[in-house]
Every structure is written in C-alpha cells, then in structure tokens.
Amino acid sequence: QVQLVESGGGLVRAGDSLRLSCAVSGRTFSIYHMGWFRQAPGKEREFVASIGWGRGLPYYADSVKGRFTISRDNANNTVTLQMRNLKPEDTAVYFCATGRTPYGLGRNRIDFDSWGQGTQVTISS
C-alpha cells in the first residue's frame with residue numbers, strides 16, 4: 001500500500017515560515033509526480049504546488065508563487081514544501097499526494113491517487 005505521512009504543520013504568525021515534509025513509501029517514488037494541496041474550512045481542496053517525476057519541473061498556484069517552494073529528495077522518498085511570508089489566508093490543512101501514473105506531471109486532483117492524512121497550518125495575524 002502506498003503511504004504518505006505529512007509533517008511540519010503548526011501555528012505561526014503572519015510573515016513567518018514553515019517547512020512541510022511528506023514521506024512516501026510503497027511506491028517507486030522517483031518516477032511519480034508529487035503534489036501539495038490544501039483545504040480551508042468550508043472550501044474545496046485546492047492545488048498548491050506540484051513537481052514532476054525525477055528531478056521534476058515545479059508548478060505553483062498563483063496564490064503562492066514567489067512564497068512557496070516545492071522540492072523532492074528522491075534518495076529519501078520525500079517531498080518538501082517550504083513556505084515563506086505566510087499569510088492568514090494560507091491557513092488550511094495541507095495534504096501531500098502522489099501522481100496517478102508514472103513519468104507524469106499534474107495540477108489537478110484527478111492527476112493524483114494517493115493522499116496523506118494532512119497537516120494543519122494555522123497563520124495568525
């Protein structure tokens with residue numbers, strides 16, 4: 001079974017930084033694209049960032065461009081989301097997801113088939 005475990009969430013103030021990490025097991029990690037999504041109360045789960053398979057090409061939602069950086073460490077089967085200059089509107093549960101097909105790239109929920117349990121990120125003013 002594919003397993004994903006997110007970590008690094010917490011409560012910080014606006015302008016602070018957080019680093020989220022996702023550990024993946026049960027799959028040949030390097031050949032699958034990876035993504036981060038978030039879901040705020042009362043809202044749909046939305047795309048945040050993704051990175052293609054292998055060394056990966058990153059993509060970002062407009063709302064986080066210039067502030068968030070996605071990266072992957074294929075040797076350790078992890079994907080990271082470095083979040084800088086956090087804003088109250090970034091408050092959400094953040095989910096890590098693996099791509100549905102190998103050697104791919106995606107930015108939509110349909111492009112991913114395995115999800116972590118989520119980690120809470122709360123930004124106070």
Side-chain angles (χ1 to χ4, degrees):
Q1 300 291 333
V2 178
Q3 298 180 45
L4 300 89
V5 180
E6 302 98 333
S7 61
L11 172 63
V12 298
R13 294 177 177 176
D16 285 352
S17 298
L18 276 176
R19 177 176 174 268
L20 305 183
S21 183
C22 173
V24 181
S25 63
R27 172 170 286 181
T28 303
F29 176 78
S30 64
I31 65 172
Y32 287 87
H33 60 278
M34 298 292 302
W36 286 97
F37 291 75
R38 66 187 182 188
Q39 188 166 20
K43 295 186 177 182
E44 298 290 329
R45 191 170 298 186
E46 66 173 348
F47 170 78
V48 175
S50 69
I51 186 165
W53 72 275
R55 293 174 182 174
L57 180 67
Y59 289 91
Y60 300 95
D62 289 342
S63 59
V64 306
K65 284 182 178 178
R67 299 188 298 120
F68 291 11
T69 301
I70 187 171
S71 61
R72 64 189 301 156
D73 183 349
N74 292 329
N76 292 293
N77 290 8
T78 59
V79 60
T80 297
L81 187 68
Q82 178 66 52
M83 305 184 292
R84 303 178 300 275
N85 191 25
L86 285 161
K87 303 175 180 180
E89 54 262 43
D90 294 319
T91 295
V93 176
Y94 283 70
F95 298 89
C96 177
T98 59
R100 184 177 299 277
T101 58
Y103 310 109
L105 179 68
R107 286 168 282 184
N108 302 295
R109 287 201 64 177
I110 193 66
D111 299 318
F112 301 85
D113 68 349
S114 297
W115 300 81
Q117 81 286 352
T119 186
Q120 177 70 50
V121 172
T122 303
I123 315 301
S124 63
S125 300

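Along the sequence shown, residues are numbered consecutively beginning with 1.
- Cation-pi contact between R72 and Y32: absent, since separation from the ring centre below 6.0 Å together with deviation from the ring axis within 45° is not met.
- The shortest heavy-atom contact between A40 and A92 is N-CB, 3.8 Å.
- Of the N and O atoms on the side chains of Q120 and T122, at least one donor lies less than 3.5 Å from an acceptor on the other residue.
- Taking the six-membered ring where the residue is Trp, Y94 and F68 present tilted rings, their angle falling between 30° and 60°.
- T119 places no side-chain N or O within 3.5 Å of a backbone atom of E6 that could act as its donor or acceptor partner.
- The two residues C22 and M34 have their closest heavy-atom pair at SG-CE, 4.5 Å.
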Should V64 and R38 be marked as a side-chain contact (heavy atoms from CB on, under 4.5 Å) after you check the CA-CA gap, both sets of side-chain angles, and the distance that decides it? CA-CA 12 Å; V64 306; R38 66 187 182 188; 3.9 Å; yes
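- Hydrophobic cluster membership differs between Y60 and F95, with clusters built from Ile, Leu, Val, Met, Phe, Trp and Tyr side chains linked at under 4.5 angstrom.
- Salt bridge status for D90 with K87: absent, with no side-chain N to carboxylate O gap under 4.0 Å.
- Taking CG of L105 as the start and CH2 of W53 as the end, the distance is 11.5 Å to the nearest 0.5 Å.
- V48 and F112 fall into different hydrophobic clusters, where Ile, Leu, Val, Met, Phe, Trp and Tyr are joined by side-chain heavy atoms under 4.5 Å apart, directly or via other members.
- A side-chain donor-acceptor contact under 3.5 Å links R67 to the backbone of N85.
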Could you go through V121 and V93, starting from their C-alpha distance and side-chain angles, then the distance that decides it, and tell me whether this counts as side-chain contact (heavy atoms from CB on, under 4.5 Å)? CA-CA 6 Å; V121 172; V93 176; over 6 Å; no
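- Here CE of M83 is found 11.0 Å from CZ of R19. Values are rounded to the nearest 0.5 Å.
- Side chain of R107 to main chain of S50: no donor-acceptor pair is present (N/O by atom type, distance under 3.5 Å, no hydrogens or angles).
- Residue N77 holds its CG atom at 8.5 Å from OG1 of T28, rounded to the nearest 0.5 Å.
- Two residues are said to be in side-chain contact when any heavy atoms from C-beta on lie closer than 4.5 Å; D73 and T80 fail this criterion.
- In this structure, R55 CZ and S30 OG are separated by 11.5 Å, a value rounded to the nearest 0.5 Å.
- Considering T69, L18, I51, I70 in turn, I70 is the only one that fulfils the side chain to side chain contact (heavy atoms under 4.5 Å, CB included) rule with L81.
- Counted within 6.0 Å of CD on E89, heavy atoms from surrounding residues, nucleotides or ligands total more than 12; the atom is thus considered enclosed.
- Under the 4.5 Å side-chain heavy-atom criterion for grouping Ile, Leu, Val, Met, Phe, Trp and Tyr, L4 is not connected to F47 through any hydrophobic cluster.
- Residues Q39 and K43 come closest through the heavy atom pair NE2-O, 3.1 Å.
- Hydrophobic clustering (ILVMFWY, side-chain heavy atoms < 4.5 Å, transitive): V2 and W36 are in one cluster.
- Atom CZ of R27 sits about 12.0 Å away from atom CD of Q3, to the nearest 0.5 Å.
- Using modelled atom types, no side-chain atom of D16 and backbone atom of L86 make a donor-acceptor pair closer than 3.5 Å.
- Residues passing the ring-ring contact (aromatic ring centres under 6.0 Å, His included) test with Y59: none are found, sequence neighbours excluded.
- Closest non-hydrogen pair, V12 versus S17, comes out as CG1-O, 4.4 Å.
- Surrounding CZ of R13 are at most 12 heavy atoms belonging to other residues, nucleotides or ligands under 6.0 Å away.
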